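All chains are named by letter (A, B, ...) in the order of the sequence lines, taking the proteins before the strands, and each is independently numbered beginning at 1. These numbers come from a predicted model, not from an experiment.
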There are 2 protein chains.
Amino acid sequence: MAQQARAVVTRAAIISGAAAVFQQRGYGSTSLADVCAEAGVTKGALYFHFDSKEALARAIIESQHELSSAIGRDLVASNMRGLNAMIVMTLEIADQLHNNPVVSAGVRLTIEAANFASPVDAPYLDWMKAAEVFLRRGQVEGDITETVEVCSAAHFLISGFTGVQVVSDVLTRREDIQQRLVEMWHMLLPGLVPTDRLADLLTLPERIRASRQAALGQH
Amino acid sequence: MAQQARAVVTRAAIISGAAAVFQQRGYGSTSLADVCAEAGVTKGALYFHFDSKEALARAIIESQHELSSAIGRDLVASNMRGLNAMIVMTLEIADQLHNNPVVSAGVRLTIEAANFASPVDAPYLDWMKAAEVFLRRGQVEGDITETVEVCSAAHFLISGFTGVQVVSDVLTRREDIQQRLVEMWHMLLPGLVPTDRLADLLTLPERIRASRQAALGQH
């Protein structure tokens with residue numbers, strides 16, 4: 001049992017060290033020797049847990065995906081209104097991206113993973129599914145127009161979010177990501193919500209952002 | 001002069017070969033030996049033109065940027081309506097991405113370039129500037145609502161476009177990029193155009209796409 005516990009700690013140290021190195025250098029420029037140095041483990045210990053660099057990258061993508069999926073899952077299980085949940089999901093994932101090294105490394109690896117043997121599409125597809133749930137819920141609640149085509153709208157929401165975080169990373173190292181997401185929602189709401197509710201709902205992203213910041217500031 | 005002409009041909013062969021290898025393997029996993037093999041040149045010839053892998057990657061990004069910028073520049077110089085020009089720009093760049101290996105490699109390298117010594121932000125900034133020109137022109141012409149904040153709208157248009165092409169690449173190798181861009185415009189137009197013109201303009205992206213495909217089919 002002590003040995004098993006040690007293995008869990010070692011694995012976590014490798015994931016954390018590898019995330020830092022991948023984030024700094026990108027997938028291709030990272031060597032397993034760099035990861036060992038950063039994580040403070042031997043090459044033998046690393047190979048005990050991961051048999052290749054791709055296996056290590058996939059483990060980070062999986063960790064990131066678990067962390068991000070948890071946000072969507074909790075919101076789907078909550079009784080939050082669909083539109084609010086959709087906005088909260090984007091802002092929370094953005095927070096993770098900005099503040100959790102395993103998440104930012106995982107997303108970066110996902111985007112670089114076009115050269116993996118099989119493509120990494122699960123995160124996009126899972127986020128799109130969550131977005132579909134929120135949009136349908138919003139239609140039932142009257143916040144989303146009935147005529148919105150849920151599948152293509154969810155597809156673009158996740159694509160738009162992906163682009164905002166990529167561009168925010170390049171231009172500001174994600175310093176402006178929350179503000180840019182509020183602007184994204186400003187652009188999208190007129191096509192999503194009923195005309196007679198637009199004036200009210202147009203301020204919703206900014207209100208959600210402000211209340212989240214206030215809540216985070218209390219900790 | 002013959003020597004100079006040969007140098008130009010060799011440089012173009014290196015760029016083209018490197019684009020193919022970068023596109024297939026990503027930046028980090030590409031070796032200069034792979035590039036020499038693909039381009040059919042010696043290592044000496046490669047080093048005569050490019051003193052590092054990063055220099056080579058930057059040259060591809062510059063080539064891609066020239067090709068993409070030409071699209072924006074020609075449209076800015078044309079007398080096309082601003083909104084039409086904005087839509088055409090996204091569809092034409094998408095065509096380049098799907099069909100020109102130097103362009104797709106350049107965009108991929110731009111996204112992977114977070115680990116370069118200095119970030120590659122010029123393509124995003126230039127596209128945003130072109131988008132600002134088109135949105136302002138659209139405001140004068142009455143196709144874009146006066147109250148649209150041009151800078152943040154242009155910022156999101158380019159971010160949204162970036163996300164659409166990244167996700168389309170991961171999920172379909174960009175087979176669905178034109179269709180996804182039409183859907184993006186569908187989502188964005190209600191927030192951009194005057195209410196009384198929406199019904200008419202909502203079909204514009206699909207009409208532009210169809211006429212471009214008809215024109216391309218004639219060649």
- Derivation of the side-chain contact (heavy atoms from CB on, under 4.5 Å) call for B:Tyr124 and A:Val166: CA-CA 11 Å; B:Tyr124 298 110; A:Val166 166; 4.0 Å; yes
- Is chain A contacted by the side chain of B:Leu189, its backbone, both, or neither, given a heavy-atom distance below 4.5 Å? neither
- Message: Measuring from atom OG of B:Ser152 to atom CD of A:Gln179, what distance do you get when rounded to the nearest 0.5 angstrom?
- Response: 8.0 Å
- Message: Return the CG to OG1 distance between A:Leu198 and B:Thr195, rounded to the nearest 0.5 Å.
- Response: 9.0 Å
- Evaluate side-chain contact (heavy atoms from CB on, under 4.5 Å) for B:Met128 paired with A:Leu171, printing each intermediate quantity in order. CA-CA 12 Å; B:Met128 285 173 194; A:Leu171 299 185; 3.9 Å; yes
- Task: Using the side-chain contact (heavy atoms from CB on, under 4.5 Å) rule, take A:Thr162 and B:Thr162 through it: C-alpha gap first, then chi angles, then the decisive distance, then the call.
- Result: CA-CA 8 Å; A:Thr162 299; B:Thr162 299; over 6 Å; no
Verify the neighbour count for atom [atom1] of [X]: are there more than 12 heavy atoms of other residues, nucleotides or ligands below 6.0 Å?
X	atom1	answer
A:Asn99	CG	yes
A:Asp51	CG	no
A:Glu141	CD	yes

- Would you mind telling me which of B:Met184, B:His155, B:Lys53, B:Glu183 has the largest number of heavy-atom pairs within less than 4.5 Å of chain A? B:His155
